[in-house]
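One structure below.
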Amino acid sequence: MNYISQNANIAVLSLLGVKCPLSCGSMRMSFGLTFKRTTKVRWRADFSQQCSLGSTGLFVPPSPPLDPSKVKELQRFITLSKRLLVMTGAGISTESGIPDYRSEKVGLYARTDRRPIQHGDFVRSAPIRQRYWARNFVGWPQFSSHQPNPAHWALSNWERLGKLHWLVTQNVDALHTKAGSQRLTELHGCMHRVLCLDCGEQTPRGALQERFQVLNPTWSAEAHGLAPDGDVFLTEEEVQSFRVPSCSRCGGPLKPDVVFFGDTVKLDTVDFVHKRVKEADSLLVVGSSLQVYSGYRFILTAQEKKLPIAILNIGPTRSDALASLKLDSRCGELLPLIDPR
Ligand SMILES: [Zn+2]
C-alpha cells in the first residue's frame with residue numbers, strides 16, 4: 001500500500017489534525033518554549049526559556065563527523081552520473097525545523113504517540129473535517145513559514161546546472177518548490193494546495209486561509225503563538241464553533257491536496273516516476289529510511305535496471321544492502337560540498 005503516514009513529519013501531522021494526547025509539559029521542556037492561553041483560542045509564546053539549540057537543530061538525529069573519504073566517493077558517484085534521479089524524504093527537511101517520524105529520539109514516533117488522520121474518516125465525516133480544518137487553520141502560519149535549507153538549495157542548483165534528471169519527494173512541505181526545483185514530482189502531494197473532493201478543483205492553501213479568517217473573525221488574529229511543531233489544543237466547543245468554507249465552484253468539501261494515511265498515490269503519478277527512474281542512470285536517496293512502499297518500489301525498479309544507488313540518510317534504511325554507497329551525514333552539510341559539474 002502507498003501510505004503517506006510514515007513519510008510525513010510532525011508539523012505536517014499537526015496540520016493533518018492530529019491531537020497530541022501527551023501532557024504538553026514535556027514538549028514544552030524539550031522545545032524550551034511555553035505557550036500561555038490567555039482567552040478563548042488565544043495563544044501567546046513565552047520565549048523566556050528559549051532553548052539554545054534553536055528549533056531547527058532539535059529534529060536532526062545525531063550523526064558522525066563528515067568522513068572525507070565518503071565525501072569523495074559521493075563526489076565520484078555524482079560526477080559519473082549523467083542522468084541522476086534523486087528521491088528525498090522527511091530527513092531532508094529536519095534541518096528546516098520539521099521533525100520526521102522515524103529518527104531515534106528526535107522523530108515523532110520516539111517522542112509522541114500522535115498518528116495522522118485517516119483518509120476514509122476525513123471523506124466520510126463532516127465533524128472530522130471541521131476538527132481537522134480548525135487545527136490546520138491555527139497551525140498554518142507556522143507551518144507555511146518553514147524555509148528550504150542548504151540541501152534543498154543544492155539540489156535546485158544541480159538541476160540548474162543540468163545534473164539532475166528528475167527529483168521525487170515524499171514530502172508535502174513545498175520546500176523543494178520554495179528552493180526553485182522544477183523537475184519535481186511530489187509523490188504525496190503538497191499541503192500548499194487544496195482540492196475539492198467533488199469537482200477536483202485545485203486552489204492555493206493561502207487563499208483558503210483568507211476565507212477561514214473571514215468566516216471566523218474571532219479566531220483569526222491569534223493564530224500565531226504556536227509550539228515549534230505547530231501543535232495547538234482546541235476544545236470541543238471551539239471546534240464546533242469553527243466555520244469551514246466549501247468549494248467556491250461547486251460547494252463540495254475541501255481537502256489538502258495530499259495523500260492521507262489510508263489513501264494511495266495516483267497510478268498516473270506512479271507510472272510517471274517509474275518512467276523517470278528507467279530513464280535515469282543512477283539514483284540518490286536523500287533523507288529517507290525507505291520504510292514505506294510508495295517510495296521503496298522505485299528503488300526496486302532502479303535495482304532491476306541495475307542502476308547504481310547511493311543513500312544519504314542518518315540511520316539505517318530498508319535498502320542499505322542494495323546501495324553501492326551509504327552515508328550517515330546531515331544532508332545540508334554534505335550536499336553543498338558536492339560539485340555537480
Ligand atoms: Zn468543487
Side-chain angles (χ1 to χ4, degrees), residues 1-5 7-9 11-19 41 116-146 168-178 182 184-220 223 230 232 234 236 238-273 294:
M1 301 300 281
N2 316 325
Y3 295 149
I4 187 176
S5 64
N7 290 315
N9 50 56
V12 174
L13 268 187
S14 294
L15 286 172
L16 292 178
V18 182
K19 188 176 180 184
V41 203
I117 190 165
Q118 294 279 335
H119 176 81
D121 293 342
F122 186 93
V123 170
R124 271 191 299 273
S125 166
I128 286 175
R129 288 196 295 274
Q130 183 185 40
R131 170 172 294 279
Y132 172 89
W133 279 120
R135 293 171 54 77
N136 185 285
F137 166 68
V138 178
W140 180 251
Q142 198 269 349
F143 177 75
S144 59
S145 72
H146 287 295
V168 182
T169 187
Q170 300 169 309
N171 300 336
V172 298
D173 54 27
L175 294 186
H176 286 302
T177 303
K178 285 182 179 178
Q182 294 181 0
L184 169 69
T185 296
E186 292 167 317
L187 200 56
H188 298 140
C190 181
M191 292 296 290
H192 289 246
R193 293 188 302 270
V194 175
L195 191 66
C196 170
L197 284 172
D198 286 352
C199 76
E201 178 159 85
Q202 281 187 356
T203 48
R205 175 63 184 79
L208 183 62
Q209 192 74 357
E210 292 170 16
R211 296 184 68 197
F212 281 136
Q213 285 165 355
V214 169
L215 283 174
N216 302 279
T218 57
W219 287 55
S220 60
V232 65
L234 301 173
E236 282 301 323
E238 287 159 355
V239 168
Q240 283 167 17
S241 72
F242 189 71
R243 296 183 63 197
V244 180
S246 50
C247 172
S248 50
R249 192 163 85 175
C250 78
L254 300 176
K255 173 182 167 294
D257 188 11
V258 301
V259 181
F260 279 159
F261 186 90
D263 194 8
T264 55
V265 179
K266 281 187 201 141
L267 273 180
D268 286 354
T269 307
V270 174
D271 289 345
F272 180 88
V273 175
S294 70

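Everything numeric in this text was worked out from a predicted model, so none of it was measured. Both counts, for ligands and for their atoms, begin at 1 and track the order of listing.
Phe242 and Trp133 have their aromatic ring centers separated by at least 6.0 angstrom.
Residues Leu208 and Thr203 form no side-chain contact, since every pair of their non-hydrogen atoms from C-beta on lies 4.5 Å or further apart.
Here NE2 of His176 is found 6.0 Å from CG of Asn171. Values are rounded to the nearest 0.5 Å.
Around the Zn ion (ligand 1), the protein N, O or S atoms closer than 2.8 Å are Cys196 SG, Cys199 SG, Cys247 SG, Cys250 SG, listed by chain and residue number.
Shown here for Leu187 and Gln170, the closest heavy-atom pair between the two residues is CD2-CG, 4.3 Å.
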Show me the donor-acceptor pairs within less than 3.5 Å that the side chains of residues 247-259 make with the rest of the protein, sequence neighbours left out.
{"unit_1": "Arg249", "atom_1": "NH1", "unit_2": "Glu201", "atom_2": "OE2", "d": "3.3"}
{"unit_1": "Lys255", "atom_1": "NZ", "unit_2": "Val258", "atom_2": "O", "d": "2.6"}
{"unit_1": "Asp257", "atom_1": "OD2", "unit_2": "Arg193", "atom_2": "NE", "d": "3.0"}
{"unit_1": "Asp257", "atom_1": "OD2", "unit_2": "Gln202", "atom_2": "NE2", "d": "2.9"}

Subject >> Step-by-step side-chain contact (heavy atoms from CB on, under 4.5 Å) determination, Ser294 to His188 >> reply: CA-CA 9 Å; Ser294 70; His188 298 140; 2.9 Å; yes

